[in-house]
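Reviewing the structure listed below.
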Amino acid sequence: MQEYDPKAIEPKWQKIWADDPSYARAGDGSSKKKSYILVEFPFPSGAGLHTGHVRSYTALDALVRKRRAQGENVLYPMGWDAFGLPTESYAIKTGRNPHEVTKENIAVYKKQMQMLGISFDWSREINTSDPNYYKWTQWIFLQLYKNDLAYKTRTTINWCPKDKIGLANEEVVGGCCERCGTPVEKREREQWMLAITKYAQRLYDDLDIVDFIPAVTAGQKNWIAPSKGAEIEFKIKDQESGIKVFTTRPDTLFGATYLVLAPEHEFLQSLVTSHKSLENKEEVVRYVEQTKTKTDIERQALGKEKTGVKLEGIVAINPANGVEIPMFIADYVLGGYGTGAIMAVPAHDERDFDFAKKYNIPVVQVIETSESLPYSGDGTLINSGKFDGLSTEEAKEKITKHVGSAITTTYRLRDWVFSRQRYWGEPIPMISCEKCGWVPVPEGELPVVLPPVEKYEPTDSGDSPLSQMHEWVNTTCPKCGGKAKRETDVMPNWAGSSWYYIRYTDPKNNEALADKKNMKEWLPVDLYNGGMEHTTLHLLYSRFWHKFLYDIGVVPTLEPYARRLSHGFVLGEDGEKMSKSLGNVVNPDEVVERFGADALRTYEMFMGPYDQMIAWSTNGLVGIRRFLERVWKLSEKVADDVDESLDVKRVLHATIKKVSGDIEAMKFNTAVSSLMILTNSLEELPFVPREWYNTLLLLLAPFAPHITEELWGVIGNTGRQHEASWPALDEEALKGGSVMIAVQVSGKVRGTVEASRGASEEEVFEAAKAMPAVAKWLGNSSVKRRIYIQDRILNIIPE
RNA sequence: GCCGGAGUGGCGGAAUGGUAUACGCGCACGACUCAAAAUCGUGUCUCGAAAGGGAUGAGGGUUCGAGUCCCUCCUCCGGCACCA
């Protein structure tokens with residue numbers, strides 16, 4: 001027989017599969033059980049696939065292949081998240097057209113996926129930068145607009161000076177641009193916003209009806225972060241208006257000895273322009289300006305030492321006791337959270353305490369404690385008038401009521417900044433008319449196609465390159481027919497990916513994002529695999545869009561994804577994150593060249609628990625290659641009409657059970673190891689019954705589809721391996737044979753007895769008593785108690 | 001600080017509360033070979049001559065029995081973080 005040569009057999013089968021129009025196809029309207037398995041579609045960069053892609057694509061491919069073999073109707077699609085900054089940057093750098101760059105990169109990615117033998121349904125391939133696709137992304141935007149969930153407003157945004165682009169909150173990581181790591185600056189701009197905060201509570205609550213891994217659930221909950229508290233109004237002396245503050249500790253209201261406004265607070269505007277009694281206007285204005293120029297990093301780096309400016313001449317009144325208290329502005333109060341203003345209770349808040357110390361503000365203790373101040377725990381109220389003696393819990397409600405307020409919920413989540421001043425994205429389908437204001441592009445005119453431009457560079461003014469396309473920009477108002485201009489900002493790269501899983505159910509539909517029938521058949525996605533880095537980005541955004549689409553009657557389910565999990569990163573051989581600078585990057589192309597796609601796939605499944613980070617090991621890969629060689633050689637022993645060893649048959653069926661269960665439980669490493677155990681057992685035999693070898697191939701196929709397809713034919717089976725059914729488990733075959741039973745005396749193992757599987761306690765006990773070691777430990781004492789676990793252990797407790 | 005995850009051989013790791021270290025890697029020895037590679041076989045937690053004892057980050061607890069459950073800690077990784 002020939003040597004195992006993956007370089008020959010893998011391309012051969014890949015070609016056959018690619019040419020087969022029915023291979024790996026999901027059927028619409030099938031009566032079979034449906035399974036919608038989704039892995040995040042990649043952004044097709046110039047770098048190509050990495051080992052992490054291989055891990056997740058293969059894992060889900062294994063599950064998919066197993067379920068198909070079990071007769072399920074499986075949808076396992078793939079597509080391209082093609083819009084986005086990296087392509088645009090690359091295009092600018094190389095002076096090329098992003099359309100072309102994208103096309104080329106997609107070709108590379110697709111080729112690599114086929115080289116790995118991933119069984120995607122290529123008939124449903126989608127591309128977010130295709131006008132037939134983004135027509136519907138734009139359509140969804142219009143629906144959001146019509147339902148008051150999209151609005152344009154002038155706001156302070158996070159600006160990445162390197163990428164020259166505005167960022168959503170979710171795209172700022174530790175004060176830096178999520179993509180390039182540059183510290184973000186604050187800029188004021190007109191921006192399209194999506195009111196995701198209106199869905200905050202539902203996005204939070206409905207995490208209970210989906211099955212996400214704990215880290216994702218926790219990550220989203222932390223990000224949305226509902227916080228129960230009260231909005232309390234403080235009147236300003238000699239003024240009609242007041243300042244609303246948000247506090248989670250209304251019980252400490254009597255201890256509020258000053259008020260702090262964020263430097264962004266709108267009250268300051270009127271204060272510096274019209275308020276006569278503000279005595280230090282210049283100082284205040286200077287501080288506000290200073291804050292604006294600081295990046296978040298700078299603002300937080302100096303965080304330990306708090307700064308602020310007193311609003312001289314302005315006095316607020318504590319609504320609980322009528323005491324006059326000073327007001328400050330300070331950048332430790334954030335403009336975007338709560339009301340942008342706080343009541344400061346230095347006795348019971350560390351930050352307020354620090355600030356009060358620095359500015360000599362009185363500290364009034366209102367919660368009893370033996371600990372030193374500041375004390376932020378619960379306790380009994382003091383110095384709080386008629387509320388003295390109440391617990392913090394009771395006082396929260398009563399004091400809130402006393403000042404005429406009510407308990408409300410505030411979220412950490414902010415509205416989604418949806419404009420990008422860039423070229424390579426979906427045009428926002430809005431028109432600005434001098435007379436009518438913002439007017440949506442009529443749905444019949446979608447898509448608003450991204451026009452070709454000469455230059456893709458972002459402008460220093462912060463405007464999109466599209467703004468220079470005067471022919472495109474200048475248009476007429478759909479409402480009044482007057483002069484109007486198109487919106488030149490484009491959507492963020494998170495737009496197209498927010499609904500792509502819907503499009504896969506009906507990718508070529510021109511009348512709707514997808515036919516209702518198809519959505520009903522396939523949604524929700526049964527299993528969704530993707531990166532942890534998308535917890536508060538893509539995953540949150542798409543849940544928001546989906547809920548909105550549900551509300552307007554477009555999609556049939558409350559949630560897009562029933563289950564979400566994540567694969568662990570593949571680290572370099574040195575245990576560090578793979579990076580060019582460390583020179584520890586493993587290139588899948590080279591691994592396939594040296595070891596074959598099946599070895600790479602199977603190794604990545606075997607290397608460790610799927611959800612755990614793990615270091616690459618070329619030695620480990622060698623072990624897998626050896627294993628595949630052994631399976632290959634084993635085919636020489638295949639024979640008909642041979643005596644079946646019941647012991648090996650037992651191993652065979654135990655393996656069917658184990659592999660079936662482990663693939664469903666995403667425990668691929670132990671599934672592969674059990675296949676090795678089976679192979680070891682079969683190697684012991686002089687001849688291997690054909691049926692058993694076929695079973696081995698069928699169980700191995702989800703991991704190593706090429707070698708199994710080849711061997712299927714080599715040993716003379718008709719048809720294709722991938723069309724054969726998943727092996728059936730024979731529970732009877734698991735029975736019989738003998739087992740080693742551990743015999744314990746007082747919980748300590750003192751020996752083992754061989755017994756037939758399913759032996760009774762008495763039988764085992766009699767055998768155990770006869771053992772010298774056991775007899776020795778038992779001595780003359782009588783047996784007080786026996787614990788017998790079938791086929792496992794007998795524990796004898798002497799008197 | 002808050003939240004999530006994880007600590008088991010030389011290494012990756014396995015183990016429904018039931019013989020800890022499966023499977024793989026590495027290593028050692030042996031076979032084949034002029035030799036090497038490849039392949040095959042045997043061995044491989046630790047102390048002990050043996051009988052036995054000790055080991056799953058540390059310390060307690062529950063249990064006939066704990067890597068697994070409970071409590072108190074320690075360490076590492078990841079996320080959020082002046083969120084009032």
Side-chain angles (χ1 to χ4, degrees), chain A residues 173-175 213-223 225-227 229 245-249 252 256 260 262 296 299-300 302-304 306 330-334 336-345 348-352 354-355 376 410-414 532-533 535-536 566 568-569 571 575 603 606-609 611-624 626-627 629-630 633 667 669-680 683 739-752 773 776 784-798:
Chain A
V173 176
I213 48 171
V216 170
T217 306
Q220 293 210 343
K221 285 192 170 177
N222 281 339
W223 191 257
S227 183
V245 304
F246 175 74
T247 179
T248 56
R249 294 296 301 270
T252 62
V260 191
D296 277 1
R299 195 163 158 172
Q300 279 161 26
L302 310 162
K304 300 272 150 55
K306 298 204 183 338
D331 66 5
Y332 82 92
V333 174
L334 306 172
Y337 183 76
T339 61
I342 61 155
M343 64 175 213
V345 184
H348 305 292
D349 183 281
E350 207 175 315
R351 297 154 301 184
D352 298 345
D354 291 347
F355 193 82
S376 55
T410 288
Y411 302 89
R412 211 196 75 129
L413 183 72
R414 312 286 156 84
M532 284 306 300
E533 70 276 16
T535 300
T536 57
S566 256
F569 278 113
L571 304 172
Y603 167 63
F606 181 64
M607 67 198 303
D611 57 358
Q612 219 164 283
M613 255 200 297
I614 200 139
W616 181 266
S617 159
T618 301
N619 274 333
L621 187 59
V622 168
I624 291 292
R626 273 182 208 151
F627 165 61
E629 301 266 8
R630 280 167 44 209
K633 277 202 195 111
K667 290 165 75 175
N669 53 334
T670 48
V672 174
S673 83
S674 70
L675 287 166
M676 291 172 170
I677 293 169
L678 174 61
T679 304
N680 292 344
E683 279 177 335
V739 285
M740 296 303 283
I741 294 176
V743 180
Q744 297 184 333
V745 179
S746 302
K748 285 221 180 271
V749 178
R750 296 300 176 192
T752 55
K776 174 184 153 194
K784 181 176 147 199
R785 197 179 155 194
R786 294 193 314 231
I787 296 116
Y788 179 59
I789 305 297
Q790 188 77 65
D791 300 334
R792 288 273 187 182
I793 206 161
L794 174 69
N795 189 4
I796 303 165
I797 316 296

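Each chain gets a letter, A, B and so on, in the order the sequences are listed, and its residues count up from 1.
Comparing B:rG54 with B:rU8, their C1' atoms are spaced 15 Å from each other, to the whole Å. Taking atom C1' on both B:rU56 and B:rG67, the two are 5 Å apart, rounded to the nearest angstrom. Between the C1' atoms of B:rG78 and B:rU72, the separation comes to 25 Å (whole Å). Taking atom P in both B:rC29 and B:rA38, one finds a spacing of 15 Å when rounded to whole Å. Here, B:rG30 and B:rU68 have their P atoms 42 Å apart, quoted to the whole Å.
Proximity of a side-chain donor or acceptor of A:R750 to a complementary backbone N or O of A:K776 within less than 3.5 Å is not detected.
A donor-acceptor contact under 3.5 Å is formed by the side chain of A:K306 with the base of B:rC82.
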Please write out each protein N/O paired with an N/O of nucleotides 25-30 of chain B under 3.5 Å, distance rounded to 0.1 Å.
unit_1 : atom_1 : unit_2 : atom_2 : d
B:rC25 : OP1    : A:R626 : NH1    : 2.8
B:rG26 : OP2    : A:R626 : NH1    : 3.4

Review item, nucleotides 14-19 of chain B N/O atoms under 3.5 Å of protein N/O:
unit_1 : atom_1 : unit_2 : atom_2 : d
B:rA14 : OP1    : A:N669 : ND2    : 2.8
B:rA15 : OP1    : A:K667 : NZ     : 3.4
B:rG18 : N2     : A:Q744 : OE1    : 3.3
B:rU19 : OP2    : A:R792 : NH1    : 3.3
B:rU19 : O4     : A:M740 : O      : 3.1

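If you check every strand for non-hydrogen atoms under 4.0 Å, A:R414 touches a base.
The side chain of A:K748 lies closest to B:rG54 when the candidates are B:rG52, B:rG54, B:rG4. Taking only side-chain atoms of A:R785, from C-beta outward, the nucleotide of B:rC64, B:rG53, B:rA84 with the closest atom is B:rC64.
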For A:I342 and A:D352, what are the C-alpha separation, side-chain angles and deciding distance, and is it a side-chain contact (heavy atoms from CB on, under 4.5 Å)?
-> CA-CA 10 Å; A:I342 61 155; A:D352 298 345; 3.7 Å; yes
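Take A:T618 and apply the side-chain hydrogen bond (donor to acceptor under 3.5 Å, both in side chains) test, not counting sequence neighbours, and it matches A:E573, A:W616.
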